[in-house]
Protein chains: 2
Amino acid sequence: MARLNTEARQKHIIEQAIKIIHENGYSSLSIRKLARKEKISEAAIYRHFLNKEDILLGILTLFSGFDKQLNQEIAMIHDPLEKLSHFMLFHFTYLEKHVEMTSVIFSEDIFKQSEILKKKMQTIIQNRKKALFDIVNAMNPENCKLEIDVEEFVVIVLGYIRLIVLEWRLSNYAFSLKARGNKAIKFVKTILQNKSKCLNERL
Amino acid sequence: MARLNTEARQKHIIEQAIKIIHENGYSSLSIRKLARKEKISEAAIYRHFLNKEDILLGILTLFSGFDKQLNQEIAMIHDPLEKLSHFMLFHFTYLEKHVEMTSVIFSEDIFKQSEILKKKMQTIIQNRKKALFDIVNAMNPENCKLEIDVEEFVVIVLGYIRLIVLEWRLSNYAFSLKARGNKAIKFVKTILQNKSKCLNERL
DNA sequence: CTTTTGTTAGTTAACGTTCACTATCAATTA
DNA sequence: TAATTGATAGTGAACGTTAACTAACAAAAG
């Protein structure tokens with residue numbers, strides 16, 4: 001059995017933990033299972049993490065990498081409508097690539113375990129909401145206001161994304177999330193139609 | 001300690017189980033806790049349920065009563081637009097009255113425990129989707145089509161409801177869900193605006 | 001007096017965590 | 001360069017606790 005340094009081992013363990021949650025749900029995640037999957041002893045787990053909560057924290061930290069990547073990609077686009085499309089598409093492509101992460105997102109139990117975890121998750125959600133709000137608001141200049149409530153529109157889009165991903169999960173990933181997402185993006189554009197004179201020409 | 005017949009005791013136990021899930025998450029639901037809350041012995045629980053899964057099944061059965069009530073109320077309304085409003089409002093009023101149920105809805109772990117539970121939950125979701133689809137489709141007569149994809153609109157509305165409830169949960173139920181819901185209903189009507197000549201006059 | 005609803009006392013298995021200890025490897029010293 | 005030292009990454013066994021569940025028995029109710 002190869003010896004790994006803490007950094008590499010931690011990464012491994014976190015990945016295995018996510019896999020276990022994905023396979024059988026959070027309540028099936030135990031140190032024993034984790035150790036067996038990682039092919040090290042249970043005690044060795046504690047060389048790299050303080051306790052079980054610390055592992056969960058690691059999962060969330062990995063997940064918040066999502067936001068970093070998202071924000072980077074969005075920043076490179078200038079057109080607000082394009083930004084909105086990409087914001088949505090990024091969710092779908094990322095989650096199609098990291099299926100196991102959907103199990104983390106939807107496992108509320110993880111966050112109920114501790115205040116720290118709950119706070120961390122709330123921050124992630126808040127940031128994403130803010131990012132989308134800024135994008136939509138940019139479509140909403142003083143001289144050419146949207147005829148819809150931006151705050152509500154943000155909730156609609158995020159809820160839409162979330163439910164599509166949930167349906168994808170319930171279908172056992174039977175369809176292409178990216179293709180499904182593109183349909184959703186089109187529909188969101190349809191909603192925006194006739195809601196702004198500035199946008200009308202382009203939609 | 002009063003002796004209860006199985007029917008009454010079962011109902012009690014299921015209610016306590018929901019409370020436990022609501023308070024500390026599904027992974028904290030144990031027979032021991034359940035027995036203590038119900039003030040009977042652990043063994044007594046098994047007088048009324050085959051096993052733990054059977055209890056979870058009972059929870060879902062109780063929850064599917066939601067759909068029965070929803071369908072009944074909707075059936076009494078004739079105007080499709082009114083139906084849509086009431087469909088949404090019903091979710092908010094019901095969940096504000098039965099807060100604990102939100103924890104059941106969002107606890108994916110419950111359904112991952114067994115195929116039976118998973119199937120049951122999928123049926124519930126499917127039925128609700130069908131109900132909403134029929135409502136929106138009734139706004140969509142041959143001679144006066146909506147300019148939006150009804151199937152997609154249904155996903156939008158359900159996702160919207162779901163995310164609002166999730167935000168309500170994350171806020172620790174800090175606002176009135178019904179009031180928040182009414183705002184959402186208004187917004188959905190805004191979306192429908194200009195999408196159908198038949199509806200325009202009324203919206 | 002039989003059925004139903006409860007009890008107490010037990011089972012085995014798994015939980016997270018800690019213990020004393022060891023193998024591996026890089027840096028310091030002889 | 002070879003031996004010594006100390007940190008790091010691993011081990012198996014055990015800790016006390018809790019998990020779901022069961023067998024045997026008692027009391028209440030019809």
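For clarity, every value in this text was computed on a predicted model and none was experimentally measured. Residue numbers begin at 1 in each chain, while the letters A, B, ... track the order of the sequences.
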### Residue closer to the 5' end of DNA chain D, A/S41 versus B/K33 (nearest nucleotide)
A/S41

### Message
At 4.0 Å (heavy atoms only), tell me whether A/R32 reaches a base, stays on the sugar-phosphate, or touches nothing.
### Response
base

### Task
With heavy atoms under 4.0 Å as the rule, sort B/L29 into base, sugar-phosphate or nothing.
sugar-phosphate

### Query
Just by distance, with hydrogens left out, do B/S27 and A/Q113 show a side-chain donor and acceptor under 3.5 Å apart?
yes

Distance in angstrom units between [X] [atom1] and [N] [atom2], rounded:
X     : N      : atom1 : atom2 : result
B/L34 : D/dC21 : CG    : C1'   : 14 Å
B/R36 : D/dA19 : CZ    : C1'   : 12 Å
A/E42 : C/dA20 : CD    : C1'   : 17 Å
B/Y46 : C/dT8  : OH    : P     : 17 Å
B/E7  : C/dT5  : CD    : P     : 11 Å
A/I31 : C/dT18 : CD1   : P     : 11 Å
A/H48 : C/dT17 : NE2   : C1'   : 16 Å
B/Q10 : C/dT5  : CD    : C1'   : 13 Å

### Message
Using the ring centroid of each side chain, check whether B/F90 and B/F66 are separated by less than 6.0 Å.
### Response
yes

### Query
Mapping A/N51 and B/A44 onto DNA chain C by nearest heavy atom, which one lands closer to the 5' end?
B/A44

### Task
Return yes if some donor-acceptor pair links the side-chain N/O of A/N140 with the main-chain N/O of A/L146 below 3.5 Å, else return no.
yes

### Message
For C/dC15 and A/S30 - does any side-chain N or O of the residue sit under 4.0 Å from the phosphate oxygens OP1/OP2?
### Response
yes

### Message
Exactly one of A/L132, A/L158, A/V188 should register a side-chain contact (heavy atoms from CB on, under 4.5 Å) with A/F153. Which one does?
### Response
A/V188

### Task
Please round to the nearest 0.5 Å and tell me the distance separating atom NE2 of B/H86 and atom CD of B/E73.
4.0 Å

### Query
Applying the salt bridge (Lys or Arg N to Asp or Glu O under 4.0 Å) test to A/E38, which of A/R32, A/K33, A/R9 qualifies?
A/R9

List, with names and distances, any nitrogen or oxygen atoms from the protein found under 3.5 Å away from nitrogen or oxygen atoms belonging to nucleotides 5-8 of chain D.
unit_1: D/dT8; atom_1: O2; unit_2: A/R3; atom_2: NH1; d: 3.4
unit_1: D/dT8; atom_1: O2; unit_2: A/R3; atom_2: NH2; d: 2.7

### Task
List the atom of B/I74, the atom of B/K83, and the distance in Å for their closest heavy-atom pair.
O-CE, 3.4 Å

